[in-house]
Amino acid sequence: MAAISLQTETMAEEVKLFGTWASVFSRRIEVALKLKGVQFEYIEENLSNKSPALLKYNPLHKKIPVLVHNGKPVAESLVILEYIDETWKHNPILPTDPYEKAMARFWAKYMDDKLLPAAIKVAMSKGEEQKGVIEEIQKQLKTLESELKEKKFFGGESLGFVDIAANTIVWLVVAQEALGMEILTEEKFPVLHGWYQRLVDDAVFKECMPPREQHLSFVKVRFGSSTPSK
Amino acid sequence: MADEIILLDFWPSMFGMRVRLALAEKGLKYEYRQEDLRNKSPLLLEMNPVHKKIPVLIHNGKPICESLIIVQYIDEVWKDKSPLLPSDPYQRAQARFWADYVDKKLYELGGKIWSTKGEEQETGKKEFIECLKLLEGELGEKPYFGGEKIGFVDVALVTFSCWFYAYETFGNFSIEAECPKLVAWTKRCMEKESVSSSLEDPHKVHGFIMGMRKRFGIEVRLALAEKGLKYEYKEEDLRNKSPLLLEMNPVHKKIPVLIHNGKPICESLIIVQYIDEVWHDKSPLLPSDPYQRAQARFWADYVDKKGFVQNAGFFFTHSLPKAPSSS
């Protein structure tokens with residue numbers, strides 16, 4: 001019965017996702033939509049030549065991702081994730097308990113407010129400055145580890161809101177390999193490393209990761225430099 | 001000789017918008033400078049030493065302050081195009097009277113709607129509607145307050161209309177239901193390019209106010225008041241944070257923190273959503289429709305990112321809602 005109603009639901013809806021293949025933000029939306037089994041049309045944007053459709057649906061920020069549901073646009077990845085969870089209520093990604101939900105929102109926000117800017121900084125910095133940022137990130141990763149504790153995922157037994165938002169860590173791992181840095185290692189962060197492995201092995205999450213080799217070259221080209229700092 | 005016109009302004013200000021509108025009506029080119037009101041430029045302090053406020057018009061190096069005074073100045077200097085004030089002295093006096101009425105009443109009453117709750121908010125709403133109804137009466141059957149064309153009172157009042165959505169959302173009422181003729185007038189004005197290009201997006205304004213309520217910790221206190229909840233209020237000295245604060249928010253060490261039955265919740269918008277979900281039977285704070293909720297979250301996030309909340313200081317011409325007295 002459930003399978004039939006899901007099918008009718010998706011047939012009546014029009015869902016479009018504007019994103020880019022290497023974007024940590026638009027990949028989050030793909031994970032959420034796939035977890036819910038929502039059919040959607042994916043539009044790959046060229047950010048140096050944004051489509052008229054994107055500019056129409058997100059006139060304020062002109063950024064991806066944008067989810068367009070039956071013609072109505074929603075922007076900002078965490079806002080879109082909550083919208084998806086509230087619209088397609090099966091396989092919830094947020095907890096139902098208000099306290100747990102508040103905690104989930106808190107940690108997802110932490111990913112974007114703290115971890116992401118640091119991850120970008122570490123890729124762009126060199127020498128002493130980079131060392132300092134690496135230390136900062138490692139402090140953040142320790143904080144995340146104490147939040148994760150014994151849990152399989154931040155969301156408990158299965159992937160949740162925080163895990164999806166924490167895909168930033170996957171991008172961090174790609175950056176550390178591409179640029180030759182050592183940030184998240186199994187020795188320093190056994191708990192978080194375990195979580196990371198489970199995340200990238202998850203059937204749905206795996207499907208939504210950028211192809212590894214392409215992603216590595218992308219990061220090398222974007223952030224790498226041929227000459228090491230003196 | 002070409003005129004040099006500079007406008008010192010702050011984007012959500014309905015007073016600054018009046019000047020933008022008057023300049024647009026006259027077809028004048030000018031340089032727009034956004035002020036950071038927590039870090040006022042030396043130019044602003046030099047040009048408006050008395051009030052240190054925006055808007056300030058600087059015409060060929062000479063400053064003019066106070067929005068209605070600026071609009072009249074613009075009307076008198078560039079008198080050949082689109083006159084805003086009537087030529088007859090008695091009509092001019094009437095126009096000035098009504099513009100002054102808007103100034104004296106609407107801003108303060110509107111402020112009560114978004115920054116208070118309970119009885120104070122209800123009184124603010126009632127008086128706000130009474131003002132609008134009075135203005136509606138003054139408009140009568142005319143297409144504009146200025147008659148056949150936009151005039152001084154139209155300029156003074158229409159800029160408030162982009163704040164209507166925010167007032168309606170925070171006050172939970174419909175201005176159109178109460179004053180349909182006035183709302184029809186705002187729509188008529190918005191058909192003019194000078195008006196639509198000078199007013200801000202109502203959703204952006206709403207997000208800005210949400211941000212201000214958040215910045216001043218009001219959002220959480222108002223949410224608690226809305227739900228009729230009793231709580232203990234602890235004022236923190238942010239230069240000497242309490243052990244309790246450091247224990248309850250070890251990650252950020254910031255206020256506000258709500259402690260519910262011993263469990264801490266941090267980040268004001270997260271706290272508000274938590275309150276709304278736990279006490280869900282009464283007075284919903286967020287819209288129930290997922291799309292509207294997404295819009296509300298989007299604008300709050302926008303204000304957060306752009307740091308506009310830092311510039312809230314000048315909007316507080318009246319006192320903040322008082323915290324409940326601690327026992």
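Chain naming here is simple, since letters A, B, ... match the order of the sequence lines and numbering starts at 1 in each. Note that these values count all heavy atoms, side chains included, but never hydrogens, waters or copies made by symmetry.
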**Q** Check for me whether B:Lys204 meets the cation-pi criterion with B:Trp11, that is, NZ or CZ under 6.0 Å from the six-membered ring centre and within 45 degrees of the ring axis.
**A**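 Because its charged atom sits under 6.0 Å from the ring centre and within 45° of the axis, B:Lys204 does stack over B:Trp11.
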**Q** Out of A:Phe106, A:Tyr99, A:Tyr83, which one racks up the most heavy-atom pairs below 4.5 Å with chain B?
**A**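 When all of A:Phe106, A:Tyr99, A:Tyr83 are compared, A:Tyr99 has the most.
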**Q** Identify which of B:Val251, B:Asp289, B:Val278 forms the greatest number of heavy-atom pairs closer than 4.5 Å to chain A.
**A**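 Max contact count across the listed options: B:Val251.
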**Q** Rounded to the nearest 0.5 Å, how far apart are OG1 of A:Thr96 and CG of A:Leu94?
**A** 10.0 Å
**Q** Given the side-chain rings of B:Tyr107 and B:Phe15, with only the six-membered ring counted for Trp, is the space between their centroids under 6.0 Å?
**A** yes
**Q** Is it true that the side chains of B:His252 and A:Tyr110 contain a donor and an acceptor less than 3.5 Å apart?
**A** no
**Q** Heavy-atom cut-off 4.5 Å, strictly under: side chain, backbone, both or neither for A:Lys101 against chain B?
**A**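 It is the side chain, since no backbone atom gets that close.
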**Q** By a 4.5 Å heavy-atom criterion (distance strictly below it), what part of B:Pro250 contacts chain A: side chain, backbone, both, or neither?
**A**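 It is neither, since no heavy atom gets under 4.5 Å.
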